[in-house]
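Some notes on the structure that comes next.
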Amino acid sequence: MNLKVLEKQAQEEIYHIQSLKDLENWRVKYLGRKSELSLFFDSLKKLPLKQRKAKGSQANEIRLILTSLYQQKKKKLESQTTTYHFFDITRPGQKLSKGHLHPITLVLNEITRSFEKLGFEIILGPEIETEYYNFDALRIPDNHPARDMWDTFWLKSKIKNQKSKLLLRTHTSPMQIRYMEKHEPPFRIIVPGKCFRFEATDNHHEFQFHQIEGLMVDDNITLANFKFIIEEVIKDIFKNQVELRFRPSYFPFVSPGLEVDIKLKNKPKGQWLEIMGAGMVHPDLFETVKYPKNMWQGFAFGLGVERIAMIKYGINDIRLFFNPDIRFLEQF
Ligand code: PHE
């Protein structure tokens, strides 16, 4: 047997090998116990010592070369195999846990979309307000007993050259004034956003919550328009599963004022829950923003978003919304 030919043949074959299985066959063929090389070693035993040494060392050298070729190839194929798996696009992926929107955001989006369908424009306003816009311009002067309705977080700093104190807005109503100062009717807007009140919390009150302010002004708007629009939106959000109740109330910036309660139809014995304050915009507000006298009429409302979410999802404690408990949030 020609050892050189054998070596060359083995080298050529291993060069073309692409899989670990073929490589194993190659190993058995060239280095295994029944390989030509092994048989050759066996045959050496019969030769005299001198010849045995000479031929043996040549064969040994070839065995070393082939073994190292084998090891190199094995390493290469193994690393290719892992890379191949890594890029296997047909392999089912590992499921990544995905985030999702907060229940308040979901409800907020749903309500604003519903108003948008009725032609309302969405406007945003500042969460830090001045005393003027939050109270005075809305006919709630200092010392007015109605200020007690809104326990307030006052801020220590002031805006330069401005007398009005700063606060965290207690409602979204200041945007009624801010918007009317810059726009002429007719218009219909909603203002979603965060509000803050310095009050003790319980299962229906939080010091931070969301409101959606609504304001629609034109030359012949009445409470009938208000009732129609609110009924449409609430029906849309609750898929017609709730009853509505309108009852008289008082807010300094509307006249007449009212409140709206809702109750689930499938719980006739359940409690009515107040979801918004509302009313016809007080004529003094039109005067404050310098609209001509007796020209415009409008309605305004402030809707509590958490209240709607609580009824919609059957949540009995408002404080859960701002609690970091993931077990609560993952249900939505
Ligand atoms: N801003 C009032 C509140 O937060 C609600 C309201 C808005 C009432 C608009 C009348 C008109 O209590």
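Model, not experiment: these values are computed from the prediction. All values below were derived from every heavy atom in this structure, side-chain atoms included, with hydrogens, water molecules and symmetry-related copies excluded. Every number for a ligand or one of its atoms is a count from 1 in the order of the listing.
Below 4.0 Å from some heavy atom of Val254 lie the following atoms of ligand 1, by number and element: 10 (C), 11 (C). For ligand 1, the atoms closer than 4.0 angstrom to any heavy atom of Phe253 are 1 (N), 2 (C), 6 (C), 7 (C), 8 (C), 9 (C), 10 (C), 11 (C). Atoms of ligand 1 found under 4.0 Å from any heavy atom of Ala278, numbered from 1 in the order shown, are 8 (C), 10 (C), 11 (C).
Some N or O of Arg197 is nearer than 3.5 Å to an N or O of ligand 1, by distance alone. Considering both main-chain and side-chain atoms, His171 comes within under 3.5 Å of ligand 1 through a nitrogen or oxygen pair. Geometrically, ligand 1 and Gln211 share a nitrogen or oxygen pair separated by less than 3.5 Å.
The closest approach between a heavy atom of Gln176 and any atom of ligand 1 is below 4.0 Å. Using a non-hydrogen distance threshold of 4.0 Å, Glu213 registers as a contact of ligand 1.
Ranking protein heavy atoms by distance to atom 8 (C) of ligand 1, first place goes to Gly277 C, 3.4 Å. Regarding atom 7 (C) of ligand 1, its nearest protein heavy-atom neighbour is Gly302 N, 3.2 Å.
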(message) Applying side chain to side chain donor-acceptor pair (under 3.5 Å) to Ser173 and Glu213, what does each step give before you reach the verdict?
(response) CA-CA 6 Å; Ser173 299; Glu213 191 78 11; 2.8 Å; yes
(message) side chain to side chain donor-acceptor pair (under 3.5 Å) for Glu206 and Thr201? Distances and angles first, verdict last.
(response) CA-CA 5 Å; Glu206 243 309 2; Thr201 65; 5.2 Å; no
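We find that Lys73 and Asp22 are not joined by a salt bridge, their nearest charged nitrogen and carboxylate oxygen being 4.0 Å or further apart.
Taking the six-membered ring for Trp, His171 and Phe251 have ring centres at least 6.0 Å apart.
Contact annotation for Trp150 and ligand 1: only side-chain heavy atoms (C-beta onward) come within less than 4.0 Å of the ligand.
In this pair, Trp154 and Phe135 present their aromatic rings tilted. The plane angle is within the 30 to 60° band. Using cut-offs of 30° and 60° on the angle between ring planes, the pair Phe187 and Tyr179 is perpendicular. Aromatic ring orientation, His102 versus Phe321: tilted (interplanar angle from 30° to 60°).
Side-chain atoms of Arg307 come within 3.5 Å of backbone N or O of Glu274 as a donor-acceptor pair.
Of the listed options Ser173, Cys195, Gly304, Ser173 places a heavy atom closest to atom 1 (N) of ligand 1.
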